[in-house]
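We name chains A, B, ... by the order of the sequence lines, and we start the count at 1 in each one.
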Protein chains: 2
Amino acid sequence: MSSAGYLVNNLARLLVEVLRKRIAPLGIVPGQFPTLLALWEREGLTQKELLGMLDIEQATLANTLTRMERDGLIVRKEHPADARARVIHLTERGRSIRDSAYQAALEINEDVLADLNDDEVQAFLGYMRRVIGRIKRLEKEKV
Amino acid sequence: MSSAGYLVNNLARLLVEVLRKRIAPLGIVPGQFPTLLALWEREGLTQKELLGMLDIEQATLANTLTRMERDGLIVRKEHPADARARVIHLTERGRSIRDSAYQAALEINEDVLADLNDDEVQAFLGYMRRVIGRIKRLEKEKV
DNA sequence: TATCGTTGCATTGCTTGCTATGTAATATTA
DNA sequence: TAATATTACATAGCAAGCAATGCAACGATA
């Protein structure tokens with residue numbers, strides 16, 4: 001029970017739970033984090049634009065945005081030029097948790113990687129990027 | 001967008017989808033894989049015993065077992081000595097896909113890690129085990 | 001300009017994870 | 001042994017992922 005796939009899956013779930021506990025006081029959940037990071041960089045994006053930054057499927061993002069709107073983190077306003085699209089803005093609340101959230105993310109990163117030195121961390125990240133690249137290339141070839 | 005957490009999560013999702021596509025012809029889904037691996041090793045386990053091998057929560061396993069029973073992979077029979085417990089057996093169908101499933105898992109492992117040499121694979125697995133260990137230790141301390 | 005394909009987003013339904021809680025059955029103890 | 005605690009499993013409800021599909025609005029073209 002320790003193939004790469006099993007370990008990656010296990011690690012991912014552990015990390016999500018660590019993140020969940022740390023950001024719970026901010027009133028957000030792990031699935032909202034990548035979207036918030038993007039919106040803290042730039043507001044007023046459409047769902048399409050956001051999607052381009054996020055490695056998730058459109059349906060997943062649409063549902064996540066609905067929950068974020070329900071939770072008072074964002075608002076979807078009408079697009080000035082295209083009635084199909086909507087522009088996404090942070091609420092004051094969504095904006096206000098930015099610094100604490102960045103802080104939490106940094107702390108988790110440090111805590112969790114504390115047993116690896118800098119070179120090892122770089123090697124680890126490098127391996128993951130290479131495997132991710134490999135899988136994406138495999139998928140493209142088959143199409 | 002390339003912290004360890006983000007990469008791990010991304011990689012885990014990619015791997016699950018690769019697995020999903022490869023095992024779809026066998027009529028099973030990724031969440032059933034670890035349970036099947038355990039049952040192919042030994043049948044007639046209780047849920048409790050299975051749980052001890054699986055790094056998931058009891059409720060998750062109970063639901064997975066229900067879907068596996070629905071899909072005709074396992075049957076839950078009454079425990080000879082304890083009326084609360086049930087022993088879990090593979091159906092003929094569950095048993096029959098064993099070799100193809102092992103084969104699929106091996107192939108995926110190879111395909112996906114093909115850009116890393118043996119030393120790099122070992123290093124990669126080692127890093128994951130260390131980080132997993134670190135997180136579990138962190139959680140224990142807090143309790 | 002009327003038609004028709006494309007685009008942007010929402011919805012539905014499923015899986016797989018979680019926590020919290022319910023319910024028998026079993027085990028312990030007063 | 002009656003009361004109580006614990007155990008084994010199930011259930012409910014939510015999050016976050018996916019594919020498939022629906023629908024209105026937009027854009028291109030005959």
Side-chain angles (χ1 to χ4, degrees), chain A residues 5-6 8-21 23-24 27-36 45-52 54-71 73-74 76-88 139, chain B residues 5-6 8-21 23-24 27-36 45-52 54-71 73-74 76-88 139:
Chain A
Y6 188 81
V8 169
N9 189 275
N10 196 186
L11 180 51
R13 275 159 37 222
L14 288 169
L15 284 171
V16 164
E17 292 310 311
V18 169
L19 182 61
R20 186 185 305 281
K21 272 155 204 158
I23 62 180
I28 59 174
V29 287
Q32 301 170 344
F33 214 94
T35 302
L36 284 170
L45 300 167
T46 64
Q47 187 184 116
K48 180 78 189 300
E49 288 168 330
L50 212 39
L51 197 59
L54 289 184
D55 291 312
I56 53 173
E57 295 303 315
Q58 179 267 325
T60 302
L61 179 55
N63 284 325
T64 295
L65 290 174
T66 298
R67 285 189 292 267
M68 290 174 76
E69 196 160 27
R70 176 203 64 189
D71 296 350
L73 294 165
I74 59 160
R76 294 194 260 207
K77 299 177 184 169
E78 59 180 29
H79 191 284
D82 187 339
R84 294 167 304 178
R86 313 215 253 158
V87 287
I88 299 159
E139 278 170 0
Chain B
Y6 188 81
V8 170
N9 188 274
N10 196 185
L11 180 51
R13 275 160 37 223
L14 287 170
L15 284 171
V16 164
E17 291 311 312
V18 170
L19 183 60
R20 185 183 308 281
K21 273 155 205 159
I23 62 181
I28 58 175
V29 287
Q32 301 171 343
F33 214 94
T35 302
L36 285 170
L45 300 168
T46 64
Q47 189 185 115
K48 180 77 189 301
E49 288 168 329
L50 211 40
L51 197 59
L54 288 185
D55 291 312
I56 53 173
E57 295 303 314
Q58 177 266 323
T60 302
L61 179 54
N63 283 324
T64 294
L65 290 174
T66 298
R67 285 188 294 267
M68 290 174 77
E69 197 160 26
R70 175 203 63 190
D71 296 349
L73 295 165
I74 60 161
R76 295 194 260 207
K77 299 178 184 167
E78 58 180 29
H79 191 284
D82 187 338
R84 294 169 304 178
R86 313 214 254 158
V87 289
I88 299 158
E139 278 170 1

Atom of [X], atom of [Y] and distance for their closest heavy-atom approach:
| X | Y | result |
| --- | --- | --- |
| T64(A) | T35(A) | CG2-OG1, 4.3 Å |
| E78(A) | V87(A) | O-CG2, 4.0 Å |
| A62(B) | R76(B) | O-NH1, 3.9 Å |

Exercise. Any side-chain heavy atom of Q47(B) sitting closer than 4.5 Å to one from R86(B)?
Worked result: no
Problem set entry | Side-chain heavy-atom pair E139(A), V18(B) within 4.5 angstrom cut-off |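 Yes. Closest side-chain heavy atoms under 4.5 Å.
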Short question: side chain of [X], backbone of [Y] - any donor-acceptor pair under 3.5 Å?
| X | Y | value |
| --- | --- | --- |
| D82(A) | R84(A) | yes |
| E49(B) | T46(B) | yes |
| Q32(A) | V29(A) | yes |

Detail all sub-3.5 Å separations between protein N/O atoms and N/O atoms belonging to nucleotides 24-26 of chain D.
residue	atom	partner	partner atom	Å
dC26(D)	OP1	A83(A)	N	2.8

Exercise. Any side-chain donor-acceptor pair under 3.5 Å between R13(A) and N9(A)?
Worked result: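 Looking only at side-chain atoms, N9(A) and R13(A) do form a donor-acceptor pair, the distance falling under 3.5 Å.
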Exercise. Hey, does T66(A) reach any base, or is it just sugar-phosphate, or nothing, if we go heavy atoms under 4.0 Å?
Worked result: nothing
For this session: To the nearest 0.5 Å, tell me how far T60(A) OG1 sits from D55(A) CG.
Result: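 One finds 11.5 Å between OG1 of T60(A) and CG of D55(A).
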List, with names and distances, any nitrogen or oxygen atoms from the protein found under 3.5 Å away from nitrogen or oxygen atoms belonging to nucleotides 16-23 of chain D.
residue	atom	partner	partner atom	Å
dA16(D)	OP1	P30(A)	N	3.4
dA16(D)	OP1	G31(A)	N	2.6
dC18(D)	OP2	E57(A)	N	2.9
dC18(D)	OP2	T60(A)	OG1	2.9

Exercise. Just the endpoints, please: which first and last nucleotides of DNA chain C, 5' to 3', lie under 4.0 Å from a heavy atom of chain A?
Worked result: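 Using the under 4.0 Å cut-off, the span is dT7(C) to dC18(C).
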For this session: Using whole Å, report how far NE2 of H79(B) lies from P of dT7(D).
Result: 16 Å
